[in-house]
Trainee: 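I'd like to ask you about the structure that follows.
Note on naming: letters A, B, ... go to the chains in the order of the sequence lines (proteins, then strands), and numbering restarts at 1 for each one.
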Protein chains: 2
Amino acid sequence: MNAGVRSPTLHDVAREAGVSLATASRSLNGSARKVNDAYRERVQAAAARLGYTPNLSAQAVAKGSTMTVALVVGDISDPYFSSIAAGVIGAAEESGFIVTMAVTARDSERELALVRALRGQRPRVLILAGSRTSDEPSQQALVAELTAFESTGGRVVVISQHELPFDTVLLDNYGGARRLAAELVGLGYRRFAVISGVPSLLTSRDRVLGFLDGLAEHDLTVPADRIVHTEFTRDGGFAGAVELLEHGIDDVELVFAVNDVMAVGAMSALREAGRIPGESIAVAGFDDIPTVRDITPALTTVQIPLIDVGRHAVELALAPRTAGGTEIPVETTVVIRESTPARK
Amino acid sequence: MNAGVRSPTLHDVAREAGVSLATASRSLNGSARKVNDAYRERVQAAAARLGYTPNLSAQAVAKGSTMTVALVVGDISDPYFSSIAAGVIGAAEESGFIVTMAVTARDSERELALVRALRGQRPRVLILAGSRTSDEPSQQALVAELTAFESTGGRVVVISQHELPFDTVLLDNYGGARRLAAELVGLGYRRFAVISGVPSLLTSRDRVLGFLDGLAEHDLTVPADRIVHTEFTRDGGFAGAVELLEHGIDDVELVFAVNDVMAVGAMSALREAGRIPGESIAVAGFDDIPTVRDITPALTTVQIPLIDVGRHAVELALAPRTAGGTEIPVETTVVIRESTPARK
DNA sequence: CGCGTGTGGGAAAGCGCTTACCAAGGAGTG
DNA sequence: CACTCCTTGGTAAGCGCTTTCCCACACGCG
């Protein structure tokens, strides 16, 4: 069983069916050309008998195009990315595409290398869900690479901010955070702390900005030493909360973490320090990943329809190209839960 | 920019560098043949100038083999699968493989269709992480398909039970559940309920079996009406708990859900019904997905090193083939947390 | 100085497909 | 019934690579 029986080829099928290669090819895929039903059935029967599966690579080189979508994410085990991936895979499969995936581990050097490597697959579509950063110098090289990819017929879709000159699924991070701030103020909160990602991370920056602007509308501010910058992960959130606790945050009423996994980490840290989330301190996050409605207290957050985001990305990619790059804006909606009870 | 400038080919590079196709090919990939340094540099410079990326499909057809790993999961947004996927992707990338992914949505018909389609990619490795079921008739067709794949040189690795005649990363579901039961009895628990998946799901069945056997060792049993069968998801767990509550479980001390996401759902249902997890009722799960240490109360569970499971799967696939299928057993370890406080 | 040997570039034959292009037969038309 | 047009099977030329030969050349040796 080990040995090299090679897969049956179209040639084998044609011989088995007693027809030419061309006829075999035409009967097994939806070619424009019509083929006699009797022939087609013969070919299909032969294919089934032999267990023939068309070699996708060979098809790709013959046709000069593939049916693959390449997806680049930051970290597939992060629910944010895995939900987006679920949407992408679902939509891609519906259109008969296969998806290949690569993870950047949130490193933009690595992202560049991956994009470069992925181009070798000649995918029809390249979707970047890795969080964009601003100041990186590799950003320029990335744009060059992506532009080259588009100019050879590929489609690029980026998810998040419209920083790059490509089709974009736009997440309203700023607006969502701003509305969240407004609602929290409405609930009676006045003194805040913020756990943010590194400043160059666009997603994080926009959320912080929106939150602060939302507060500013009510003449509220967050002192600089109550805004800490950490990793965009659960452990980052934990560490951020620890840092805040060291600064002394006895009078802080609510901690806003720029994403849910960070909020979850922060809640653990706060709890360990004796500040009970939802009771002696409120916590809010961002994303509405599936688990946060089941934690205790359930987390107040800003919902992004992550699965839809993934679906939109492939819809965008499969739609006709437009000049200058289309944007699909995705709404974010504030969800108040028990982690931020109204202050009497 | 829209239009069809096609990607530069090796031919273009060769012309640009003033060498033959063969020399260009040899200098750009680690071929066995040596090529003069001066030539190689010329070729590399030309490739860089043109922005050449080798066409992986063409390479695949020329070489007759690819560098891809195909991964089949049940649901990528489930942390169980996404953690495994993270391991697979990490290990695959380290070995220069790209991974393509497909999701079965836990439907074994669909799994069969996917495997069939994935074979078209001629991947070197096919990893099945979708939960195996027993009685399905499509199981046979699956085995046939996978066997055919192996006989044409591919490698198959399945994760979970050794039900299929292929290399396997074996999760000790039975043993983990059994040890969990023992520990819980040690903590003073005597009256249990179980929320299980559908009976045909092997993973679920083994965990229930192990748990019951663990109890039996201490002469404890779980009455049949205290074992409910539901979906293997968060909502399934919720529904399962609701069902148990309807049966009346006032005297039940601990609910064991066969996986963590179900346990989390069950906790929410119990809490809504006024049974506070970790206080008026204990809950235990299985898997140790990342979030459960951060929920309240932190969940007692059986840890599976999910990332490692993914890594092992690709190691197994890349190791020399052995007769009859290798198994890599992965240990599961009981983690007691606050959701199962010791009963005085 | 003749010969064997080794080195490394190039020509060309594939790899498994798709798809012009060609040709043969049947249908339609006056 | 002669002619054109349409249909549809087959032939063969690619697609972008790798790899097997072949060959020219340089070198070492007796």
Trainee: What are the two closest non-hydrogen atoms of A:D75 and A:R106, and how far apart are they?
Mentor: CB-NH1, 3.7 Å

Trainee: Once you round it to whole Å, what is the distance between C1' of C:dT18 and CG of A:N29?
Mentor: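 After rounding, the reported distance stands at 8 Å.
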
Trainee: Can you tell me how far apart CD1 (B:I89) and CD (B:E93) are? Round to the nearest 0.5 Å.
Mentor: 6.5 Å

Trainee: Give A:S25 one of three labels, base, sugar-phosphate or nothing, depending on what nucleic acid heavy atoms sit under 4.0 Å from its own.
Mentor: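 Base contact - A:S25 has a heavy atom under 4.0 Å of at least one base atom.
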
Trainee: Using every non-hydrogen atom in the two residues, find where B:T66 and A:S57 come nearest and quote the distance to one decimal.
Mentor: CG2-OG, 4.3 Å

Trainee: For A:M67 and C:dC17, give me the distance from atom CE to atom P, rounded to whole Å.
Mentor: 17 Å

Trainee: Which two nucleotides bound the region of DNA chain D that has atoms under 4.0 Å from heavy atoms of chain A, read 5' to 3'?
Mentor: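 Nucleotide range in contact with chain A: D:dT8 to D:dC15.
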
Trainee: List in numerical order all residues of residues 33-45 of chain B for which some heavy atom is under 4.0 Å away from an atom belonging to DNA chain C.
Mentor: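 Residues of residues 33-45 of chain B that come under 4.0 Å of DNA chain C are, in numerical order, B:R33, B:K34, B:V35, B:N36, B:Y39.
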
Trainee: As an exercise, state the distance from OG of A:S25 to NE2 of A:H11, rounded to the nearest 0.5 Å.
Mentor: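 The NE2 atom of A:H11 is 13.5 Å from OG of A:S25, to the nearest 0.5 Å.
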
Trainee: Which pair of heavy atoms, one from A:P8 and one from A:L50, lies closest together, and at what distance?
Mentor: CG-O, 3.4 Å

Trainee: Pick the closest DNA chain C nucleotide for B:T23 and for B:A62 by heavy atoms, then say which residue is nearer the 5' end.
Mentor: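 By nearest-heavy-atom nucleotide position, the 5'-most residue is B:T23.
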
Trainee: Report the distance from atom CG of A:L316 to atom CD1 of A:I127, rounding to the nearest 0.5 Å.
Mentor: 9.0 Å

Trainee: In whole angstroms, how far is the P atom of C:dC17 from the NZ atom of B:K63?
Mentor: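 Atom NZ in B:K63 sits about 19 Å away from atom P in C:dC17.
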
Trainee: Looking at every heavy atom in both B:A24 and B:A14, which two are closest together, and how far apart are they?
Mentor: CB-CB, 3.9 Å

Trainee: Please round to the nearest 0.5 Å and tell me the distance separating atom CD of A:E111 and atom CD of A:Q139.
Mentor: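 A:E111 CD to A:Q139 CD: 7.5 Å, rounded to 0.5 Å.
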
Trainee: When the distance from CG of B:L10 to P of C:dA12 is rounded to whole Å, what number comes out?
Mentor: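 B:L10 atom CG is separated from C:dA12 atom P by 17 Å.
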
Trainee: Could you check how far CG of A:L56 sits from C1' of C:dT18, rounded to whole Å?
Mentor: 14 Å

